[in-house]
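Chain A is the first sequence line, chain B the second, and so forth, proteins listed ahead of strands; every chain is numbered from 1. When reading the values below, keep in mind they use all heavy atoms of this one structure, side chains included, and skip hydrogens, waters and symmetry mates.
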Amino acid sequence: MPTLNVGYNDLCGLVGRELPIGLLKEKLFLMKCEVDSLSGDELVLEVTSDRPDLLCAEGIARELRGLLGIETGLVNYKLTKSDLKIYVDRSITKVRPYIAGALVKKLEFTDAFVKQIMQLQEKLHLTYCRNRTKVSVGIHDAETITHKLTYAGVRPEKIRFTPLDETREMNGNEILESTPKGREYGWIIKSFPVYPLLSDSDAKVLSLPPIINGIVTKVTPETTSLILDVTGTDMKLVNFVNNIMVSSLVERGGIAEIATIIYNRKKIDTPDLSPYRRNLNLSYANEVLGLDLKPGQVSSLLKKMRYGIKPRSKNSLTVIIPAYRADIMHEIDLVEDLAIAYGYDKLNPTMPMSATIGSERNITKLTRKIRDLMVGLGFIEVLNYVMTSENTISYKMDAPSEKIVKIANPLSIDFSVLRNWLIPGLLSFLSFNKHVPYPQNIFECGETVEINEITPTKTINQRKLAALVCNHKISYEDIQSNLYSLLRNAGANGWSLHRTEHSSFIKGRVASIKVSGVEAGIIGEIHPRILERFEIENPVGAFEIDLEKIFRK
Amino acid sequence: MLSIQMCHVRNDGLTTMSELRQNEIQVLSTVKEFGRKANMTEIIDKTGLTDTAVMRATLALSERGLVEIYETRNDLIRLNQEGISYAQLGLPESRLVNAVLSLGGEASIDEAISKSHLSDDIIPIVLGWINKKRLASIHKRKGILYLQATSKVEADEDEQTLRLICDKGEVRSEDLNPSLKNTLSRLKNRNLLETYQKVDREIELTSEGFQIDVSDYQSTAITALTSELITSGEWKNITLREYDISASPPSIYPGKKNAYFEFMEEARRILLAMGFTESEGPLVELEFWNFDVLYQAQDHPAREIHDSYHIEHPKSGVLDVRDLVKRVKETHENGWKTDSTGWGYKWSKKIAERLMLRTQTTAVSMRYLASHKVSPIKMFCLSKVFRPDVLDAKHSMEFTQLEGIVGGKGINLRHLLGFLKTFASTLGLGEIKFKPGYFPFTEPSVESFVKHPKLGWVEFVGAGMFRPEVLKPLDIDFPVIAWGMGFDRLAMIALGIDDIRDIHSRKLDWLREKTLMW
């Protein structure tokens, strides 16, 4: 979940009321937000990732005002015309085709405000904008440029401006290669013949989206009005991000003006802060929540969540959704907000009355019986990871590796494949316990995975049992007697042992276990060559069986 | 090497042959066979007695002044879990600096941490080492720490020593080159080493002990009642020796189930009693079942390479549910008939066919719902999921999730809360509270917390009602509530485990001692 820092006093100021910290914590906990910590004036908050509009103090305050009943219903954001025009050149189509913008005036640049707007931009980039790939935002001092802008695709070598935080002019290639932001985000546009560039009618560069702004439009303490540029590959998201940014600025007291985007054939005014609509069926909402809310209650609850409401019929409302809400895809999303306004703490938990008979998987029952018997035989149960290394299960064991499932992106070589048998994990266990009194009799029941081309997932899980006896002196019989006793007591039928060869075991002391001709396991004494690799100083007898094959009905 | 004489001969004339027990005689005669001296291992091998029996007999003999015991204590060093992981992955300061280099030589602390996969809580210490070792320069801009590094950090003395110890498993401290002393004390201070002692014991007969002729030993006092003594009636003529009935017996270790596995069984019992049916699916899963059916868009961050494990070979599986695939595709693209807007992007079958290690047991719920469409439904799955993480005390790359779904006409949000509350109280977890949450596949979504006596409110479960975009393509026409909990955290609380690695403990003595009570 994204986290953000908010000044406690700033937040109270925006809400318009002094909120005791206990109450604030409680209210935030019951919305999609949570207080992580408070030190001095600084609150660290977590916000769920579906609510980009809550990634700043302004958005959270707007929501809190509703829930506290200080101000409910839809906020009416006024927009006025401006002289800001953005001409979109065709050359941009393939790189980053969409742009939205706004001019926001009469802003007062307090510390708290600057922090919030920078943080909102950064958090949006990280989450909703998918690390600038889908959408990115530039913020500019509106007084430094003309208001006739061009958004075009320009060849990197033709681009020339001084980027923010740099001291000299650079071309597009230089910016991608030698500025920190260029190195971080350059890959997004690098493969295109042209890079996106936003410049004014005097050829002053505002930004090279999604990398960096130009130095000319740098925001300073003297700035009073801002131009926003929001560019991206998805028009809907570009507009949502612009709406969220602009409405937050207006919450701070700014006056927002429209940027007219001029495409080849059409003109679009952005931001478009007019709300959108969805109908809500009341019996549907009540069924989902298990409540019996009347139309009046529903509409006052939804107004607390900052929606506008128009009654439609006895059983239906039209919900008017603010333009900054990017998460409403379905009626069900309104139902959740209804539950939040009602209060998760007030939903009376209840048990459903549906009579069903519980049942386990057969393999669970079988595993339980097997574990009981193994414990009766004096073995201690060990639990190893399913993830392991090829070294452990194949190289060290002289065992084949073709059927091993390998991870493409492991973080550690020790956990880079899935185990296809259990004995190697148990041997490694023994190697960690050389100083512990013997005998060491251990077992594990667990999942193994191997490649199997005929299944849709090209792999199969198998539930296996492996057991090891280790002592100063052991014989083949010591492990064999345990296997026989286990299989007899568990009621396995039709199994037999057949002489075989296996590089992990001593020749002549290894057998394969078969059930009606099908291989279902192996038993034997581990070869000293293998023991040496695991640095085990005592002999080991081992067996491993595929439980489903052995006990097939 | 430290060699001490442990027990002094007690010349109080207590030694009488009649008081020697069977095991003591055996030990005495064995040492004699070896000349005059033997070590414990030799005696154990020769007599076939257990090590505790030999030890007890030897102590008794020494108290009688018949033998002397010499102990040699060896100080040994081995790596602890953290030490082992650094030996394998490199020291965290090197990894952080190398991460900075791979980010272009300069990076904010957050970027570097995320690139290096180090855990946040060790960062202050790591920065201290970077400074100390002058591996990179650290500076602050606008309240954010930046690291700047120019050259790749090779394994230094610390790391080489770690690797050396790791390769050998354990080393005797005096065997190590004295020049490594400083390095060792540094590693010790960083808490990467464990030191422990191993004791070798050698037994030597005293002259008194040497003079005893073992074959002469006969006694009217008998230690063990035998079948022969009983059937022959000879028992009437003998005295049975008295035992020290409160002396501690040799330890025996029962065969034992794993406490964690037993806690899983407990959870299973509760769910069965509540009427749930168990289900399972493949560990290597198609992205389709892990994400797409769950309405997680194909560009969702959870699907990126650093948030799920992908398979090297085979890379892709086969989608054998054609109608469902078509409905899911349309739901993602335009909402299909679900009355949703959909995500509005071009859905790719190729992405859905990629194989991965499942990151959530919700994939199992999806498979279950695809083949069980008759209400009422109650299913659970208690099984493994995988997410890229470096193993340490708090993080693991694989862990167990407990997933449950309940579907049927009239099922609602309050029922979900009811279930969670009942389950928590049956597990003995006590007070519970709920808050709104977010998961791409549920709406409304719930997070719930339980009150832990020491830790305070602990997140317990993520839950919600499956979205129409999930249920409709599966052809399920009734509401389904679902929850998935990190079972390992729950087990750690119940079993009193502080380190997540102890769930898969490799310490046999720990497993032997761990009680099965919680």
Side-chain angles (χ1 to χ4, degrees), chain A residues 29-32 48-50 130 180 183 236 287-290 329-330 332-333 336 339-340 344 347-352 354 356-361 364 371 375 377-381 383-387 405-409 411-412 414-415 429 432-433 436 440 449 456-459 461 535, chain B residues 88-89 104 106 117 169 255-258 260-261 272 275-278 280 282-286 299 305 309-314 317-318 320 339-341 344 355 376 378 384 388 390 397-398 408 411-415 417-418 421-422 434-438 443-444 467-468 504 506 508-509 511:
Chain A
F29 185 83
L30 289 169
M31 53 190 260
K32 293 207 164 186
T48 59
S49 56
D50 57 329
R130 297 280 192 270
R183 285 196 293 262
K236 209 165 106 189
E287 272 165 35
V288 170
L289 302 179
M329 299 187 166
H330 190 277
I332 194 71
D333 297 303
E336 183 183 73
I340 292 172
Y344 274 38
L347 289 164
N348 189 13
T350 176
M351 281 292 277
S354 64
T356 50
I357 295 166
S359 69
E360 292 176 300
R361 300 167 69 214
T364 303
R371 292 173 62 233
V375 167
L377 289 166
F379 287 72
I380 284 206
E381 184 173 28
L383 230 55
N384 281 312
Y385 293 107
V386 175
M387 292 181 92
V405 175
K406 291 173 193 156
I407 311 298
N409 54 330
L411 287 183
S412 139
D414 290 335
F415 306 106
F429 180 93
F432 274 87
N433 290 285
V436 182
Q440 297 182 354
V449 183
T457 58
K458 303 279 178 78
T459 52
N461 303 358
E535 294 175 52
Chain B
Q88 287 162 345
L89 298 171
E106 190 187 44
H117 293 288
K256 197 159 77 178
K257 293 182 181 175
N258 190 288
Y260 175 78
F261 216 120
L272 289 177
F276 283 80
T277 293
E278 188 189 26
E280 175 60 298
L283 297 182
V284 175
E285 187 55 287
L286 290 152
D299 71 343
I305 195 88
Y309 282 120
H310 295 234
I311 308 297
E312 172 84 39
H313 168 82
V318 179
D320 58 350
D339 210 18
S340 167
T341 57
L355 289 173
K378 279 193 204 168
K384 292 247 161 147
V390 174
M397 63 287 151
E398 66 177 73
I411 289 290
N412 61 49
L413 183 63
R414 287 171 56 213
H415 294 139
L417 307 190
K421 201 173 165 183
T422 308
F434 303 104
K435 86 177 263 31
Y438 171 68
E443 192 87 9
R467 296 188 67 97
H504 294 85
R506 295 202 283 197
L508 182 57
D509 39 9
L511 291 176

Peer 1: What closest approach, in Å, do A:Thr356 and B:Pro376 show between heavy atoms, and which atom pair accounts for it?
Peer 2: CG2-CG, 3.9 Å
Peer 1: Pick one of side chain, backbone, both or neither for A:Pro352, based on which atoms fall under 4.5 Å of a heavy atom in chain B.
Peer 2: both
Peer 1: For A:Asn409, which atoms come within 4.5 Å of any heavy atom of chain B: side chain, backbone, both, or neither?
Peer 2: both
Peer 1: Which one, A:Lys32, A:Arg371, A:Met351, leads in non-hydrogen pairs under 4.5 Å with chain B?
Peer 2: A:Arg371
Peer 1: Which atom pair, heavy atoms only, marks the closest approach of B:Pro468 to A:Ile332?
Peer 2: CD-CG2, 3.8 Å
Peer 1: Which one of B:Lys421, B:Lys384, B:Lys378 has the most heavy-atom pairs closer than 4.5 Å to chain A?
Peer 2: B:Lys378
Peer 1: Counting heavy-atom pairs under 4.5 Å to chain B, which of A:Leu377, A:Leu347, A:Ile407, A:Val405 comes out on top?
Peer 2: A:Ile407
Peer 1: Is A:Met329 close to chain B through its backbone or its side chain, or both, or neither, when contacts mean heavy atoms under 4.5 Å?
Peer 2: both
Peer 1: Report the C-alpha distance between B:Leu413 and B:Phe434 in whole Å, list the side-chain angles of each, state the deciding distance to 0.1 Å, and finish with yes or no for side-chain contact (heavy atoms from CB on, under 4.5 Å).
Peer 2: CA-CA 12 Å; B:Leu413 183 63; B:Phe434 303 104; over 6 Å; no
Peer 1: Select one option (side chain, backbone, both, neither) describing which atoms of A:Arg183 are under 4.5 Å from chain B's heavy atoms.
Peer 2: side chain
Peer 1: Looking at B:Gly255, B:Pro436, B:Gly418, which has the largest count of heavy-atom pairs under 4.5 Å with chain A?
Peer 2: B:Pro436
Peer 1: I'd like to know which of B:Leu89, B:Leu355, B:Asp320, B:Asp339 tops the heavy-atom pair count under 4.5 Å against chain A.
Peer 2: B:Asp339
Peer 1: In terms of heavy-atom pairs under 4.5 Å, which option from A:Asp50, A:Val436, A:Val449, A:Thr48 contacts chain B the most?
Peer 2: A:Asp50
Peer 1: Work out which heavy atom in A:Ile357 is nearest to a heavy atom in B:Thr277; give both atom names and the distance.
Peer 2: O-OG1, 3.9 Å
Peer 1: Shorter than 4.5 Å, heavy atoms on both sides: which option in A:Ser412, A:Gly358, A:Gly378 has the most such pairs with chain B?
Peer 2: A:Gly358
Peer 1: Given that the side chain runs from C-beta out, which part of A:Asn348 has a heavy atom under 4.5 Å from chain B: side chain, backbone, both or neither?
Peer 2: both
Peer 1: Considering residues at least two apart in sequence or located in another chain, which fulfil the ring-ring contact (aromatic ring centres under 6.0 Å, His included) criterion with A:Phe379?
Peer 2: none
Peer 1: At a 4.5 Å cut-off on heavy atoms, which part of B:Phe276 comes close to chain A: side chain, backbone, both, or neither?
Peer 2: backbone
Peer 1: Looking at A:Arg361, A:Met31, A:Lys458, which one has more heavy-atom pairs under 4.5 Å with chain B than the rest?
Peer 2: A:Arg361
Peer 1: Show your working on side-chain hydrogen bond (donor to acceptor under 3.5 Å, both in side chains) between A:Gln440 and A:Asn433 and close with a plain yes or no.
Peer 2: CA-CA 9 Å; A:Gln440 297 182 354; A:Asn433 290 285; 5.6 Å; no
Peer 1: Kindly compute the distance separating CG (B:Leu272) from CD (A:Glu360), expressed to the nearest 0.5 Å.
Peer 2: 4.5 Å
Peer 1: Check whether B:His310 gets within reach of chain A through its side chain, its backbone, both or neither, counting any heavy atom under 4.5 Å.
Peer 2: both
Peer 1: If I measure from the heavy atoms of chain B, does A:Glu287 come under 4.5 Å with its side chain, its backbone, both, or neither?
Peer 2: backbone
Peer 1: Can you tell me how far CZ of B:Arg467 sits from CD of B:Glu443, rounded to the nearest 0.5 angstrom?
Peer 2: 5.0 Å
Peer 1: Can you list the residues that meet the ring-ring contact (aromatic ring centres under 6.0 Å, His included) rule with A:Phe415, with sequence neighbours excluded?
Peer 2: A:Tyr385
Peer 1: Going by heavy atoms in the side chains, are A:Val375 and A:Glu381 under 4.5 Å from each other?
Peer 2: no
Peer 1: Is it the backbone or the side chain of A:Thr459 that comes under 4.5 Å from a heavy atom of chain B, or both, or neither?
Peer 2: side chain
Peer 1: Between chain A and each of B:Leu417, B:Leu508, B:Leu286, count heavy-atom pairs under 4.5 Å; write down the option with the most.
Peer 2: B:Leu508
Peer 1: Is it the backbone or the side chain of B:Lys257 that comes under 4.5 Å from a heavy atom of chain A, or both, or neither?
Peer 2: both
Peer 1: Would you give the length of the straight line joining atom CE of A:Met387 to atom NE2 of B:His504, rounded to the nearest 0.5 angstrom?
Peer 2: 12.0 Å
Peer 1: Would you mind checking which part of A:Val386 comes under 4.5 Å of any heavy atom in chain B, side chain (CB onward), backbone (N, CA, C, O), both or neither?
Peer 2: both
Peer 1: Out of B:Gly408, B:Gly344, B:Pro282, B:Pro388, return the one with the most heavy atom pairs under 4.5 angstrom to chain A.
Peer 2: B:Pro282
Peer 1: Rounded to the nearest 0.5 Å, how far apart are CZ of B:Arg414 and CG of A:Leu289?
Peer 2: 10.0 Å
Peer 1: Measure from the side-chain N and O atoms of A:Lys406 to the backbone N and O of B:Glu312, and report whether any donor-acceptor pair falls under 3.5 Å.
Peer 2: no
Peer 1: Which one of B:Gly275, B:Gly317, B:Gly169 has the most heavy-atom pairs closer than 4.5 Å to chain A?
Peer 2: B:Gly275
